Number of protein chains: 2
Amino acid sequence: MTTKTQTVCRGRPCAFNKEETLGKALELFWRNGYEGTSLSDLTKVMGINKPSLYSAFGNKEQLFLQAIDLYEKRPDAFFYPAMEQKTAYLVVQSMLRGAADRMANADHPQGCVTVHGALSCSEASATVKDALVKRRLDGQQALQKRFEQAQQDGDLPQHVDAAILSRYIGTVLQGMSVQANNGASTEDLYAVADMVLQNFPKA
Amino acid sequence: MTTKTQTVCRGRPCAFNKEETLGKALELFWRNGYEGTSLSDLTKVMGINKPSLYSAFGNKEQLFLQAIDLYEKRPDAFFYPAMEQKTAYLVVQSMLRGAADRMANADHPQGCVTVHGALSCSEASATVKDALVKRRLDGQQALQKRFEQAQQDGDLPQHVDAAILSRYIGTVLQGMSVQANNGASTEDLYAVADMVLQNFPKA
DNA sequence: TTAATTTTGTACTGATCGGTAAAATTGATG
DNA sequence: CATCAATTTTACCGATCAGTACAAAATTAA
């Protein structure tokens with residue numbers, strides 16, 4: 001158990017910044033998927049050798065899971081932060097526009113790594129696939145809870161089924177991830193987002 | 001160039017039905033993706049040896065592309081057939097309900113192989129990924145043309161942007177594929193489809 | 001029967017896969 | 001300076017990857 005910044009430790013100090021290195025792994029997994037990324041690719045991009053990678057992150061699978069953790073916590077994550085908007089409409093607006101901005105951003109791979117990381121894979125990688133499915137379902141459920149809260153707050157009509165609405169928004173977000181993979185621009189995705197927002201149930 | 005049924009040929013006859021065998025390859029690619037499927041997996045499920053596979057289908061990449069061709073032409077394909085409905089609304093209704101039915105059908109892998117086959121992959125498989133992107137864009141463009149026809153027919157309002165509407169529907173369909181991968185049932189997907197249909201622009 | 005032709009099963013190729021053993025290197029501690 | 005602990009580099013492991021050489025088997029044509 002090593003802490004990220006160098007704790008006062010004996011022995012040779014770690015020559016790389018763990019979080020920064022993990023970010024490079026994330027970028028690679030994001031672009032090429034879990035099975036499309038090899039350890040040689042990883043060590044090359046991360047700038048470390050395999051034994052360093054294994055001692056710092058465990059193995060390929062654990063490295064991936066840690067990269068996904070970083071993905072959801074990184075500064076320009078948009079999903080969970082959007083949940084803090086004041087009304088259901090504003091939550092969805094922030095979420096869809098955030099998705100349009102980020103998913104087609106050329107500074108990093110297109111789409112969402114939670115969708116692209118391991119949508120289909122061999123049975124050997126089932127653990128990773130299941131972890132991503134769980135992330136997606138967790139996000140959807142959190143959104144459902146947010147909609148239920150909005151109904152209590154009075155900014156989302158009572159007749160709306162929060163489970164179905166959150167599934168619908170989740171569907172659009174995941175579809176936008178595929179669209180970004182198709183080469184859709186932020187502008188293209190904004191148009192889709194607006195279409196959803198125009199029909200969003202009003203209080 | 002061998003034709004599918006046995007042409008009158010010299011030499012030892014082919015011991016397997018090419019299209020049927022291709023169907024088994026499709027099922028495997030569909031479930032595990034292009035890179036998640038190995039030649040050993042393929043030969044095992046197809047019931048043939050590697051030299052037979054190579055002489056009949058070329059190589060792994062060409063086998064995949066032929067499997068995708070089969071996918072779009074198989075009896076329970078839903079996308080292009082839906083295009084023949086009489087109005088834009090009916091086209092979309094048929095498309096979304098067909099997707100809900102087929103994508104969560106337990107008789108075969110969930111979702112759409114055009115989305116799941118190679119969403120992310122190593123650069124070595126870029127050809128396959130690009131082929132799938134092209135399929136998705138082709139489908140979306142065909143839908144756009146259908147919407148433009150509907151506007152001429154008078155069953156879709158003129159003010160609607162056919163390009164944006166087709167992108168929106170494509171987004172939902174692709175999102176439904178991910179939802180099916182998450183374990184969503186046909187019922188779940190129907191609810192999403194209904195949500196889209198309720199807000200679909202009326203003539 | 002024999003020759004020609006095609007597919008079959010077996011066994012193999014070099015390359016790469018994820019993962020690790022072992023020794024050299026680095027730095028803090030005494 | 002010597003000791004100890006951790007990380008580094010180098011080299012390797014068995015397994016699997018996609019793809020193929022080759023000869024036995026099966027069929028038609030002569």
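Here is the naming used below: chain letters follow the sequence lines, and residue numbers restart at 1 for every chain. Computed from a predicted structure; not experimentally measured.
- B:Ala163 meets the side chain to side chain contact (heavy atoms under 4.5 Å, CB included) test with B:Gln144, B:Asp161; sequence neighbours excluded.
- Residues passing the salt bridge (Lys or Arg N to Asp or Glu O under 4.0 Å) test with B:Arg31, sequence neighbours excluded: B:Glu27.
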Quick one: side chains of residues 87-109 of chain A, donor-acceptor pairs under 3.5 Å with protein atoms, not counting sequence neighbours, listed by atom name and distance.
residue: A:Thr87; atom: OG1; partner: A:Leu90; partner atom: N; Å: 3.1
residue: A:Arg102; atom: NE; partner: A:Asp76; partner atom: O; Å: 3.1
residue: A:Asn105; atom: OD1; partner: A:Asp107; partner atom: N; Å: 2.8

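- For the ring-ring contact (aromatic ring centres under 6.0 Å, His included) test, no residue two or more places apart in sequence or in another chain qualifies with B:Phe57.
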Contact list (N/O, under 3.5 angstrom) for nucleotides 1-6 of chain C vs protein:
residue: C:dT6; atom: O2; partner: B:Arg12; partner atom: N; Å: 3.0

Give the table of side-chain donor-acceptor pairs shorter than 3.5 Å for residues 126-143 of chain A, with sequence neighbours excluded, one pair per line with atom names and distance.
residue: A:Lys134; atom: NZ; partner: A:Asp138; partner atom: OD2; Å: 2.8
residue: A:Arg135; atom: NH1; partner: A:Asp69; partner atom: OD1; Å: 3.3
residue: A:Arg135; atom: NH1; partner: A:Glu72; partner atom: OE1; Å: 2.9
residue: A:Arg135; atom: NH2; partner: A:Asp69; partner atom: OD1; Å: 2.5
residue: A:Arg136; atom: NE; partner: A:Thr114; partner atom: O; Å: 3.2
residue: A:Arg136; atom: NH1; partner: B:Asn182; partner atom: OD1; Å: 2.3
residue: A:Gln140; atom: OE1; partner: B:Gln179; partner atom: NE2; Å: 2.8

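- Between A:Leu42 atom CG and C:dT16 atom C1' the separation is 14 Å, expressed in whole Å.
- The side chain of A:Ser52 contributes no N or O atom lying less than 4.0 Å from OP1 or OP2 of D:dT7.
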Only distances under 3.5 Å count here; give the side-chain donor-acceptor pairs of residues 42-53 of chain B to other protein atoms, sequence neighbours excluded, each with its distance to 0.1 Å.
residue: B:Thr43; atom: OG1; partner: B:Leu39; partner atom: O; Å: 3.0
residue: B:Thr43; atom: OG1; partner: B:Ser40; partner atom: O; Å: 3.1

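- In this structure, a donor-acceptor pair under 3.5 Å is absent between the side chains of B:Gln198 and B:Asp194.
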Restricting to nitrogen or oxygen on both sides, can you table the protein-nucleotides 17-20 of chain D pairs closer than 3.5 Å?
residue: D:dC17; atom: OP1; partner: B:Ser38; partner atom: OG; Å: 3.3
residue: D:dC17; atom: OP2; partner: B:Ser40; partner atom: OG; Å: 3.0
residue: D:dA18; atom: OP1; partner: B:Thr37; partner atom: O; Å: 3.4
residue: D:dA18; atom: OP1; partner: B:Lys60; partner atom: NZ; Å: 2.8
residue: D:dA18; atom: OP2; partner: B:Leu39; partner atom: N; Å: 2.7
residue: D:dG19; atom: OP2; partner: B:Tyr54; partner atom: OH; Å: 2.7
residue: D:dG19; atom: OP2; partner: B:Lys60; partner atom: N; Å: 3.2
residue: D:dG19; atom: O5'; partner: B:Tyr54; partner atom: OH; Å: 3.1
residue: D:dG19; atom: N7; partner: B:Lys50; partner atom: NZ; Å: 3.3
residue: D:dG19; atom: O6; partner: B:Lys50; partner atom: NZ; Å: 2.4

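- Between the CG atom of A:Asn49 and the C1' atom of D:dA11 there is a distance of 11 Å, rounded to whole Å.
- Here A:Phe64 pairs with A:Phe29, A:Tyr34 under the ring-ring contact (aromatic ring centres under 6.0 Å, His included) rule; sequence neighbours left out.
- In this structure, A:Phe57 atom CZ and C:dG19 atom C1' are separated by 16 Å, rounded to whole Å.
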